[in-house]
There are 2 protein chains.
Amino acid sequence: MKLDITFLHQQFGKLFEGHLLEELAQVGNYMEVEEGFVLMRPGGYIRSVPILLSGSVKIMRADADGREALLYYLGGLDSCAMSLTCCIDRKQSEITAIADEKTRLIAIPVEKVEEWVCKYPSWKHFVFMTYQKRFEDLLGAIDQIAFHKLDERLLGLLNRKMKQCGCTTFTITHEELGQELATSREVTSRLLKQLERLGKVKLSRNKIELLATAIS
Amino acid sequence: MKLDITFLHQQFGKLFEGHLLEELAQVGNYMEVEEGFVLMRPGGYIRSVPILLSGSVKIMRADADGREALLYYLGGLDSCAMSLTCCIDRKQSEITAIADEKTRLIAIPVEKVEEWVCKYPSWKHFVFMTYQKRFEDLLGAIDQIAFHKLDERLLGLLNRKMKQCGCTTFTITHEELGQELATSREVTSRLLKQLERLGKVKLSRNKIELLATAIS
DNA sequence: GCGATTCTGTAACATTTGCTACACGGGAAA
DNA sequence: TTTCCCGTGTAGCAAATGTTACAGAATCGC
């Protein structure tokens with residue numbers, strides 16, 4: 001699909017200036033990916049920087065043994081700073097990026113990112129803002145992992161999911177949740193059951209409902 | 001002390017172009033701080049971005065209850081991305097920065113950082129490199145906390161300290177080490193004793209020596 | 001329907017980490 | 001010297017998390 005300038009204006013009108021939108025239309029590559037689509041794997045080379053139009057993408061960190069931990073979500077008009085940092089010397093990715101739902105995005109060739117920083121003040125601002133947000137996200141992830149127990153982290157994770165998707169019911173397995181928390185399925189099940197007994201969630205197969213008492 | 005252009009050329013000759021060095025000399029503020037000096041506290045406003053000339057600075061994250069965790073060290077000609085991100089809208093610091101030894105640095109007013117990005121390609125490159133390095137550091141911190149047990153993290157921390165200061169003996173208390181690992185003094189003592197029994201370290205009051213078998 | 005697969009629940013136990021309490025020793029201060 | 005504070009060692013128990021093992025329930029493919 002070719003990028004339409006009117007469409008871009010709807011999306012980015014307030015964020016980006018006109019000339020930048022024109023260039024975006026020229027070089028940007030519109031994509032739609034389904035839930036579960038793997039946008040990036042550790043070791044993969046980064047050729048383009050994504051800007052999300054809708055949907056959400058979860059960014060995970062994997063260790064050598066295949067264990068994983070959720071770092072943060074991308075949503076709204078977010079971009080990924082990890083890919084920004086890779087623009088300089090075409091480094092390999094150190095993270096995994098997976099679409100958490102059906103997601104629409106624009107992919108921008110890496111060489112444009114640096115070029116536009118000086119050409120368009122609005123782009124420079126966008127890049128700096130992106131870095132700042134991602135740093136905050138990473139610090140938040142560290143806070144969770146370093147300072148909170150698993151049950152709190154689990155509740156926190158469900159709350160973040162709620163904010164991300166705007167709904168209180170998630171289609172997800174305990175296994176998957178365990179991965180995002182970097183723990184085992186059994187531990188996750190145990191804690192979820194505990195939360196259910198406390199009236200904070202309602203469990204069924206492939207589904208978790210966050211109840212009002214658990215929302216913060 | 002006034003900044004001397006010859007001095008700057010010695011330090012940054014290969015990194016920065018001539019005109020940038022001149023501006024650096026004009027607006028940069030040379031500082032020397034002793035070990036333990038607190039460069040930044042959470043909530044503090046960031047008015048300048050530091051570039052280290054020598055020494056090292058440790059960057060810590062504190063939670064609401066006063067617990068802390070080490071994020072990473074600055075050394076060499078490093079700068080702090082946390083302060084870079086704050087340039088846009090004068091945000092408050094979210095981290096603590098403490099000189100880990102006697103440290104010399106140049107403080108650059110935040111308003112110059114963004115201005116120079118477009119003016120000097122070498123500065124743009126420096127800023128992007130800084131972001132990239134700090135991201136890697138934060139990811140490393142997350143790896144440690146999320147995927148490793150305390151004994152491994154302790155050994156890892158001692159190894160990093162060794163690389164940072166270039167020596168194998170550290171003047172540090174168990175209490176302080178515990179803080180950096182976000183755990184208690186007792187646990188740290190226990191693990192250190194365990195490492196001593198394994199012949200990996202040698203302990204004495206206020207002092208820890210990392211033995212050859214523990215260096216990785 | 002029926003077997004296979006996936007997801008969940010749970011017990012039992014091991015390991016890791018946190019916390020409390022106290023003893024000891026070195027060295028600084030009086 | 002004596003006193004006192006700080007840093008360390010360590011026991012003992014509590015809590016949190018990891019691991020193994022297995023059973024039953026839901027769903028899918030045939």
Side-chain angles (χ1 to χ4, degrees), chain A residues 35-36 62-70 142-158 169-210, chain B residues 35-36 63-70 142-158 161 169-210:
Chain A
E35 177 182 341
D63 80 339
D65 307 337
R67 293 207 300 167
E68 295 203 311
L70 175 69
I142 288 177
D143 285 347
Q144 287 292 314
I145 300 175
F147 301 131
H148 295 284
K149 286 189 299 178
L150 269 174
D151 52 354
E152 298 172 302
R153 289 175 55 203
L154 178 52
L155 258 184
L157 177 57
L158 294 175
T169 304
F170 319 109
T171 302
I172 192 170
T173 66
H174 300 182
E175 171 74 37
E176 227 177 312
L177 267 181
Q179 277 197 3
E180 300 189 3
L181 293 169
T183 185
S184 68
R185 195 275 308 170
E186 292 85 343
V187 171
T188 312
S189 290
R190 184 198 289 157
L191 293 173
L192 279 171
K193 208 65 198 170
Q194 188 179 301
L195 288 180
E196 188 175 47
R197 278 190 281 265
L198 291 171
K200 309 229 174 198
V201 299
K202 192 160 164 296
L203 303 175
S204 33
R205 189 186 172 90
N206 288 317
K207 211 174 72 179
I208 297 174
E209 187 184 350
L210 190 59
Chain B
E35 178 182 340
D63 81 339
D65 307 338
R67 292 206 301 167
E68 296 204 310
L70 176 68
I142 288 177
D143 286 347
Q144 287 292 312
I145 300 174
F147 301 131
H148 295 284
K149 286 189 299 181
L150 269 173
D151 53 354
E152 297 172 304
R153 289 175 55 202
L154 178 52
L155 258 185
L157 177 57
L158 294 175
K161 280 186 183 295
T169 304
F170 319 109
T171 302
I172 193 169
T173 66
H174 299 183
E175 172 74 38
E176 227 177 312
L177 267 181
Q179 277 197 3
E180 300 189 2
L181 293 169
T183 186
S184 67
R185 195 275 309 169
E186 293 86 340
V187 171
T188 312
S189 289
R190 184 198 288 157
L191 293 173
L192 279 171
K193 209 65 199 172
Q194 188 178 301
L195 288 180
E196 189 176 45
R197 278 191 282 265
L198 292 172
K200 309 228 173 197
V201 299
K202 193 161 163 297
L203 303 175
S204 34
R205 189 186 173 87
N206 288 319
K207 211 174 72 180
I208 297 174
E209 187 185 349
L210 190 58

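Within every chain, numbering begins at 1; the chains are lettered A, B, ... in the order of the sequence lines, protein sequences first and strands thereafter.
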Visitor: Side chains of A:Thr188 and A:His174: is there a donor and an acceptor less than 3.5 Å apart?
Guide: no

Visitor: How long is the line joining NZ of B:Lys207 and C1' of C:dG26, in whole Å?
Guide: 14 Å

Visitor: Of the nucleotides C:dT20, D:dG9, D:dT27, which one has an atom closest to the side chain of A:Arg205?
Guide: D:dT27

Visitor: Nearest of D:dG9, C:dT10, D:dG7 to any side-chain atom of A:Arg197?
Guide: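 Given the options D:dG9, C:dT10, D:dG7, the side chain of A:Arg197 is closest to C:dT10.
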
Visitor: For salt bridge (Lys or Arg N to Asp or Glu O under 4.0 Å), just list the numbers for B:Glu180 and B:Lys161, CA-CA rounded to whole Å, side-chain angles, deciding distance to a tenth of an Å, and then say yes or no.
Guide: CA-CA 11 Å; B:Glu180 300 189 2; B:Lys161 280 186 183 295; 3.0 Å; yes

Visitor: Taking the side chain as everything from C-beta on, heavy atoms only, tell me whether A:Leu210 gets closer than 4.5 Å to A:Phe170.
Guide: yes

Visitor: Which whole-number value in Å describes the distance from A:Leu150 CG to D:dA15 C1'?
Guide: 13 Å

Visitor: Roughly how many Å is it from CZ in B:Phe147 to P in D:dT17, rounded to a whole number?
Guide: 16 Å

Visitor: Return the value, rounded to whole Å, for the distance between atom CG of A:Leu192 and atom C1' of C:dC7.
Guide: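 Whole-Å distance recorded here is 13 Å.
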
Visitor: Which residue in the set A:Val187, A:Leu154, A:Asp151 passes side chain to side chain contact (heavy atoms under 4.5 Å, CB included) when paired with A:Leu192?
Guide: A:Leu154

Visitor: Does the side chain of A:Leu177 come within less than 4.5 Å of A:Ile208's, by heavy atoms?
Guide: yes

Visitor: Which pair of heavy atoms, one from B:Arg153 and one from B:Gln144, lies closest together, and at what distance?
Guide: CD-O, 3.3 Å

Visitor: Applying salt bridge (Lys or Arg N to Asp or Glu O under 4.0 Å) to A:Glu196 and A:Lys193, what does each step give before you reach the verdict?
Guide: CA-CA 5 Å; A:Glu196 188 175 47; A:Lys193 208 65 198 170; 2.7 Å; yes

Visitor: Please state how far atom CG in B:Leu154 lies from atom P in C:dT16, giving the value in whole angstrom units.
Guide: 14 Å

Visitor: Taking CD from A:Glu186 and P from D:dC22, how many angstroms apart are they, rounded to a whole number?
Guide: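 Rounded to whole Å, this separation is 14 Å.
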
Visitor: Would you please confirm or rule out a distance under 4.0 Å between OP1 or OP2 of C:dT8 and any side-chain N or O of A:His174?
Guide: yes

Visitor: Tell me which nucleotide among D:dT10, C:dG9, D:dA25 gets nearest to the side chain of A:Lys193.
Guide: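 Among D:dT10, C:dG9, D:dA25, the one nearest the side chain of A:Lys193 is C:dG9.
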
Visitor: Tell me which of A:Leu203 and A:Arg190 sits closer to the 5' end of DNA chain C, going by the nucleotide each one is nearest to.
Guide: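 Going by which nucleotide is closer to the 5' end, it is A:Leu203.
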
Visitor: Identify which nucleotide among C:dG18, C:dC7, D:dT17 has an atom closest to any side-chain atom of A:Val187, counting heavy atoms from C-beta outward.
Guide: D:dT17

Visitor: Could you list by number each residue of residues 177-185 of chain A showing a heavy-atom separation from DNA chain D of less than 4.0 Å, or answer none if no residue does?
Guide: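 A:Thr183, A:Ser184 - these, ordered by number, are the residues of the stretch whose heavy atoms sit under 4.0 Å from the strand.
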
Visitor: Rounded to whole angstrom units, what separation is found between the NE2 atom of B:His148 and the C1' atom of D:dT17?
Guide: 17 Å

Visitor: Distance check needed: C:dG26 C1' versus B:Asn206 CG, whole Å only.
Guide: 10 Å

